[in-house]
Asker: 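This is the structure, below, for whatever I ask next.
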Amino acid sequence: MSGPLPRRVPGGGRPRFAVVGNPGNRRVTMFTAAVRAAGLPAPRVLPWHDVLREGARFAPGETVRVDSPGEDAEVERLLRGAADPARVEGAALWYARFTAAAREVAAAAHTAGATVLDAPGDLAVLFDKRLCHGVLRAAGVPVPLSPTSGAAAGPVRGWADVRARLGAAGLRRAFVKSAHGSSASGVLAVEVAGPGRVRATTSVERSADGRLFNSLRVRRYGTEAEVAAIVDALAPDGLHIERWLPKASQRGRAADLRVVVVGGRATHAVVRTSRSPMTNLHLGGARGDLAAARAAAEAAGTAWPEVLGRCEEAAACFPGTLCVGVDLLPGSGWRRFAVGEVNAFGDLLPGLTGLAGSGAESLDTYGAQVAAVLRGDGPAARPPAPLAPVSHAD
């Protein structure tokens, strides 16, 4: 990172950052590097392990970043209740404990006179795919058709419910997702061709005793009994269903976009390509050619600012959160675009500098967030929603 950064923050002075995260985690270390590159003291790190057990305390005037609690086995156990971080089940418990902790962090920050960059209400929606889809749809953001969109859709209790909802919506190809999953955990790309003819592509691995694990290898299940067993095991944690849109391609591989929006502005973008329906980079996806994607969209009649604007519209649904990562789904031929997901912690794109004209051309995603705070573009401090009593994890 290079180049001077503006030094104006709300109320004057220079921000003092605090991060709720896992010490040594690459997200924390990269954000710390960005803070120091801006000429500021390294942020104070509050370990998730301690916050979940004892709560958090902040100093007046601190700017608080809530970072991902992932990639730490003990923190995962405190949140999910399982010692093995590769287990898929337990997402509902993870969600309940994480969102409760986020509310407590925000309440402690507000009491201390600190500012939180990640509103707990936003996080509660962002980590529930059903709620997030409903919020985007209500705001007019193009999203895939979904029979589980919004709080009024009702729970999906298993494969029989999935089958019924697919039939009622006229869907033969759909994604069935763990409502609270991330990084493609608990996601199945399902194809239904008729009675008993079902196939699913997923990174979920099912053990002989029926337990589900995340795998780095995408696999296919070719019988309805296999797919039903996985879906039935996922259902108690909540399921979201949405149309599997035919994606654009790049060099013969399915392609989509991850666009990072900071302070309301699209600052970074990467094309993700894959031979499977899941384009996540950790599942064998690869970065594609962004310039070629832009050219293809514009040749099909969609101006590039319009493409980025769609992501900014999605981010605007979460005004209390400084930074989100938007998964943008280009349709076949790069003619139409829909928002697949909005990710609270979607900024982990090492080595990627900002888009031309974004104001973050020389910065990574973390540097762009620091710059936004220095400009005064961060979410305004405001009281969190009232808290119900919450006991800390054992």
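None of the values given here were measured: they were computed from a predicted structure.
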Asker: For Arg265, I'd like to know if atom CZ has over 12 heavy atoms of other residues, nucleotides or ligands within 6.0 Å.
Answerer: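 Check fails, neighbour count at 12 or below.
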
Asker: Going by atom types only, do Asn214 and Ser185 share a side-chain donor-acceptor pair under 3.5 Å?
Answerer: yes

Asker: Distance check, rounded to the nearest 0.5 Å: Ser178 atom OG versus Asp237 atom CG?
Answerer: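 The OG atom of Ser178 sits 5.5 Å away from the CG atom of Asp237.
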
Asker: Name the residue from Thr267, Asp364, Val270, Val260 that meets the side-chain contact (heavy atoms from CB on, under 4.5 Å) definition with Leu352.
Answerer: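 Testing Leu352 for a side-chain contact (heavy atoms from CB on, under 4.5 Å) against Thr267, Asp364, Val270, Val260 leaves exactly one candidate, Val270.
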
Asker: Are the side chain of Thr111 and the backbone of Ala107 linked by a donor-acceptor contact shorter than 3.5 Å?
Answerer: yes

Asker: Is Arg16 close to Arg14 at the side-chain level, that is, under 4.5 Å between some pair of heavy atoms?
Answerer: no

Asker: Please tell me whether Val190 and Val187 are part of a single hydrophobic cluster in this structure, the criterion being side-chain heavy atoms less than 4.5 Å apart.
Answerer: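 Val190 does not cluster with Val187.
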
Asker: So, the side chain of Arg137 versus the backbone of Cys132: is there a donor-acceptor pair under 3.5 Å, distance only?
Answerer: no

Asker: Does the side-chain contact (heavy atoms from CB on, under 4.5 Å) test come out yes or no for Leu212 and Ile230, once each step is laid out?
Answerer: CA-CA 8 Å; Leu212 305 182; Ile230 294 172; 4.3 Å; yes

Asker: Is Asp232 reaching over with its side chain to a backbone N or O of Gly158, donor-acceptor style, under 3.5 angstrom?
Answerer: no

Asker: Do the side chains of Arg310 and Pro142 get nearer than 4.5 Å, heavy atoms only?
Answerer: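 When only atoms from C-beta onward are counted, Arg310 and Pro142 do touch, with a gap below 4.5 Å.
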
Asker: For a quick check under 3.5 Å, do Glu224 and Trp159 share a side-chain donor-acceptor pair by atom type?
Answerer: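 On atom types as modelled, these side chains qualify, holding a pair under 3.5 Å.
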
Asker: Over all heavy atoms of both residues, which pair between Pro379 and Thr115 is shortest? Give the atoms and the distance, please.
Answerer: O-CG2, 3.8 Å

Asker: CZ of Arg243 to CD1 of Ile241: how many Å apart, nearest 0.5 Å?
Answerer: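 Here the rounded value is 13.0 Å.
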
Asker: Is there a donor-acceptor contact under 3.5 Å from the side chain of Glu104 to the main chain of Ala100?
Answerer: no

Asker: Using every non-hydrogen atom in the two residues, find where Pro155 and Asp161 come nearest and quote the distance to one decimal.
Answerer: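 Closest approach of Pro155 to Asp161, heavy atoms only: O-OD2, 4.0 Å.
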
Asker: With a 4.5 Å limit on heavy-atom distance, are the side chains of Trp304 and Glu298 in contact?
Answerer: yes

Asker: Should Leu234 and Leu188 be marked as a side-chain contact (heavy atoms from CB on, under 4.5 Å) after you check the CA-CA gap, both sets of side-chain angles, and the distance that decides it?
Answerer: CA-CA 11 Å; Leu234 289 171; Leu188 295 89; 3.6 Å; yes

Asker: Taking Arg97 for its side chain and Leu78 for its backbone only, find out whether a donor-acceptor pair lies under 3.5 Å.
Answerer: yes

Asker: If you measure from CZ on Arg336 to OG1 on Thr302, what distance do you get to the nearest 0.5 Å?
Answerer: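 Here the interatomic distance stands at 9.0 Å.
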
Asker: Is a donor on one side and an acceptor on the other found under 3.5 Å between the side chain of Thr321 and the backbone of Cys323?
Answerer: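 No, because the side chain of Thr321 does not come within donor-acceptor range (under 3.5 Å) of the backbone of Cys323.
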
Asker: When rounded to the nearest 0.5 angstrom, what is the spacing between CG in Asp256 and CG in Asp327?
Answerer: 6.0 Å

Asker: So, Arg220 side chain and Ala200 main chain: donor-acceptor pair closer than 3.5 Å or not?
Answerer: no

Asker: Salt-bridged, Arg27 to Glu71, with N to O below 4.0 Å?
Answerer: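 No salt bridge links Arg27 with Glu71.
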
Asker: Using side-chain heavy atoms (C-beta onward) and a distance below 4.5 Å, is His240 in contact with Phe175?
Answerer: no

Asker: Applying side-chain contact (heavy atoms from CB on, under 4.5 Å), run through Arg211 and Arg206 and close with a yes or a no.
Answerer: CA-CA 6 Å; Arg211 293 179 299 165; Arg206 186 169 180 264; over 6 Å; no

Asker: Is there a donor-acceptor contact under 3.5 Å from the side chain of Ser249 to the main chain of Gly252?
Answerer: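 No, because the side chain of Ser249 does not come within donor-acceptor range (under 3.5 Å) of the backbone of Gly252.
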
Asker: Under a single-linkage definition using a 4.5 Å side-chain heavy-atom cutoff for Ile, Leu, Val, Met, Phe, Trp and Tyr, are Leu40 and Val19 assigned to the same hydrophobic cluster?
Answerer: yes

Asker: Do Thr148 and Arg130 meet the criterion of a side-chain donor-acceptor pair at a distance under 3.5 Å?
Answerer: no

Asker: Going through the distances and angles, do Lys177 and Glu242 end up as a salt bridge (charged side-chain N to carboxylate O under 4.0 Å, His left out)?
Answerer: CA-CA 8 Å; Lys177 304 179 178 182; Glu242 63 185 32; 2.9 Å; yes

Asker: Are Val342 and Leu145 linked, directly or through other ILVMFWY residues, by side chains that come within less than 4.5 angstrom of each other?
Answerer: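 Unlinked, Val342 and Leu145 end up in two clusters.
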
Asker: Quick check: is Val66 connected to Tyr95 through a chain of hydrophobic side chains (ILVMFWY, heavy atoms under 4.5 Å apart)?
Answerer: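 Tyr95 clusters together with Val66.
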
Asker: Compare every heavy atom of Ala371 with every heavy atom of Leu363, then report the nearest pair and how far apart it is.
Answerer: CD1-CB, 4.0 Å

Asker: Could you state whether Val198 and Trp244 fall into the same hydrophobic cluster, counting links through intermediate Ile, Leu, Val, Met, Phe, Trp or Tyr residues with side-chain heavy atoms under 4.5 angstrom apart?
Answerer: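 Looking at the clustering, Trp244 is in a separate group from Val198.
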
Asker: Decide side-chain contact (heavy atoms from CB on, under 4.5 Å) for Thr202 and Val218; before the verdict, give the C-alpha distance in whole Å, the side-chain angles of both, and the deciding distance to 0.1 Å.
Answerer: CA-CA 5 Å; Thr202 181; Val218 176; over 6 Å; no

Asker: Of the non-hydrogen atoms in Val35 and Pro41, which two are nearest, and what is the gap between them?
Answerer: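 In terms of heavy atoms, the two residues are closest at CG1-O, 3.2 Å.
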
Asker: With a 4.5 Å limit on heavy-atom distance, are the side chains of Leu239 and Val231 in contact?
Answerer: yes

Asker: In plain terms, say whether Arg44 and Glu62 are close enough for a salt bridge, that is, a side-chain N and a carboxylate O under 4.0 Å apart.
Answerer: yes

Asker: Output the distance between atom NE2 (His49) and atom CG (Leu79), rounded to the nearest 0.5 Å.
Answerer: 11.0 Å

Asker: Looking at Asn22 and Asn25, would you say the former's side chain and the latter's main chain have a donor-acceptor pair under 3.5 Å?
Answerer: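 Pair absent, no side-chain N/O of Asn22 close to backbone of Asn25.
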
Asker: How close do Val116 and Ala106 get, counting heavy atoms only, and between which atoms?
Answerer: CG2-CA, 4.0 Å

Asker: One thing to verify: whether Arg219 and Glu205 come together as a salt bridge, which I'm taking to mean a side-chain N less than 4.0 angstrom from a carboxylate O.
Answerer: yes

Asker: Among Leu136, Leu329, Val135, Leu245, which one satisfies side-chain contact (heavy atoms from CB on, under 4.5 Å) with Val143?
Answerer: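 With Val143 as partner, side-chain contact (heavy atoms from CB on, under 4.5 Å) holds for just one option, Leu136.
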
Asker: If every non-hydrogen atom of Phe337 is compared with every non-hydrogen atom of Trp334, which pair is closest and at what distance?
Answerer: CE1-O, 3.7 Å

Asker: Should the pair Phe17 and Phe31 be assigned to parallel (<30°), tilted (30 to 60°) or perpendicular (>60°) ring geometry?
Answerer: perpendicular

Asker: Is any side-chain heavy atom of Val28 closer than 4.5 Å to a side-chain heavy atom of Val45?
Answerer: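 Side-chain contact under 4.5 Å: yes.
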
Asker: Taking Met30 as the fixed residue, which of Leu348, Thr365, Leu349 is the one that meets the side-chain contact (heavy atoms from CB on, under 4.5 Å) rule?
Answerer: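 Filter result, single survivor: Leu348.
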
Asker: Are the side chains of Asn343 and Leu126 in contact, using a 4.5 Å heavy-atom criterion?
Answerer: no

Asker: Under a 3.5 Å distance rule, please check whether Asp377 uses its side chain to pair with a backbone N or O of Gly263 as donor and acceptor.
Answerer: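 Pair absent, no side-chain N/O of Asp377 close to backbone of Gly263.
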
Asker: Can you measure from CH2 (Trp48) to CG (Asp67) and round to the nearest 0.5 angstrom?
Answerer: 9.0 Å

Asker: Flag the pair Gln369 / Asp347 as yes when at least one side-chain heavy-atom distance between them is below 4.5 Å, and no otherwise.
Answerer: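 Yes - at least one pair of side-chain heavy atoms lies under 4.5 Å apart.
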
Asker: Among residues at least two apart in sequence or on other chains, which ones pass side-chain hydrogen bond (donor to acceptor under 3.5 Å, both in side chains) with Glu89?
Answerer: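 Listed in chain order: Arg87.
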
Asker: Taking ring-ring contact (aromatic ring centres under 6.0 Å, His included) as the test, write out the residues that go with Trp94, two or more places apart.
Answerer: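 ring-ring contact (aromatic ring centres under 6.0 Å, His included) check on Trp94 returns Phe98, Phe127.
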
